[in-house]
Amino acid sequence: MPRTPEAQSFFHAVYSAVQQIPPGKVTSYGHIAKLIGTPQRPRQVGVCLKHLPPSPTQTNSEEHADQQEYASRFNHDTVPWQRVINAKGVISPRSQPSGALNQAAALELEGVTVTTGALGELMVDFAAYGWFPASLPSDVDGGDIDEDFDSQNEDDT
DNA sequence: CGCATGACGTAGA
DNA sequence: ATCTACGCCATGC
């Protein structure tokens, strides 16, 4: 749990944004950062997911009340953390490959095809599964944003 | 309180 | 295309 109110707000924004990612789709840390209005801190997005509370079933009743409530809203089960990968389309290996493998498995369960690179890197094709709206779907009420979140994701070559 | 680290991204070389 | 340097800032020591 974040220490300062600011950080808490940031964490909340990140988790909420991640929850907007449709099943079977993926996006990047940087895009999440953009969506919540802090495009310069994709790294902090990673921090948020790293500190994502565990599943309620595993939560100890030793936790404080506020922490419990926080975890009830955002936890390993309610936030689709697996749908967030890095800008290169690769599942961040973090420190150990097991985490990435676990994430890959979670994605496959949603129908996302994960391919393995020459160096064992797990990657997802953004052209097929990418989700990069210009703004959060929930924010578009009254917002006269003229963006066209179409043709955002493109091929390479 | 200071220093190092990291689920990242971008700009330069 | 690949590699290095730096910004960001919550956590951990």
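Atoms considered below: every heavy atom in the structure, side chains included; atoms not considered: hydrogens, waters and symmetry mates. All chains are named by letter (A, B, ...) in the order of the sequence lines, taking the proteins before the strands, and each is independently numbered beginning at 1. Quick caveat, the model's predicted, so the values are computed rather than measured.
Between the NE2 atom of A:His51 and the P atom of B:dT5 there is a distance of 16 Å, rounded to whole Å. The interatomic distance linking A:Glu6 (CD) with C:dC8 (C1') rounds to 13 Å, in whole Å. With rounding to whole Å, A:Leu52 atom CG is found 15 Å from B:dA7 atom P. Between the NZ atom of A:Lys50 and the P atom of C:dC9 there is a distance of 17 Å, rounded to whole Å. Look at CD on A:Glu121: it is 17 Å from P on B:dA7, rounded to the nearest Å. The CG atom of A:Leu101 sits 15 Å away from the P atom of B:dA7 (whole-angstrom rounding).
Scanning for salt bridge (Lys or Arg N to Asp or Glu O under 4.0 Å) contacts around A:Glu108 gives an empty result, with sequence neighbours left out.
No contact: A:Phe10 has no heavy atom under 4.0 Å from any strand.
For the C1' atoms, the distance linking C:dC3 with B:dA7 amounts to 22 Å, nearest Å.
Checked by atom type, the side-chain pair A:Tyr129/A:Thr113 shows a donor-acceptor distance below 3.5 Å.
A:Lys34 is not listed as a side-chain neighbour of A:Pro42, based on a closest heavy-atom distance of 4.5 Å or more.
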**Item:** Footprint string (nucleotides 8-13 of chain B, 5' to 3'): B base within contact, S backbone only, - free, heavy atoms under 4.0 Å
**Value:** BS----
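Considering OH of A:Tyr15 and SG of A:Cys48, their distance stands at 5.5 Å, rounded to 0.5 Å. Atom CD of A:Gln103 and atom OG of A:Ser92 lie 7.0 Å apart (nearest 0.5 Å).
Environment of CD in A:Gln40: sparse, with no more than 12 heavy atoms of neighbouring residues, nucleotides or ligands closer than 6.0 Å.
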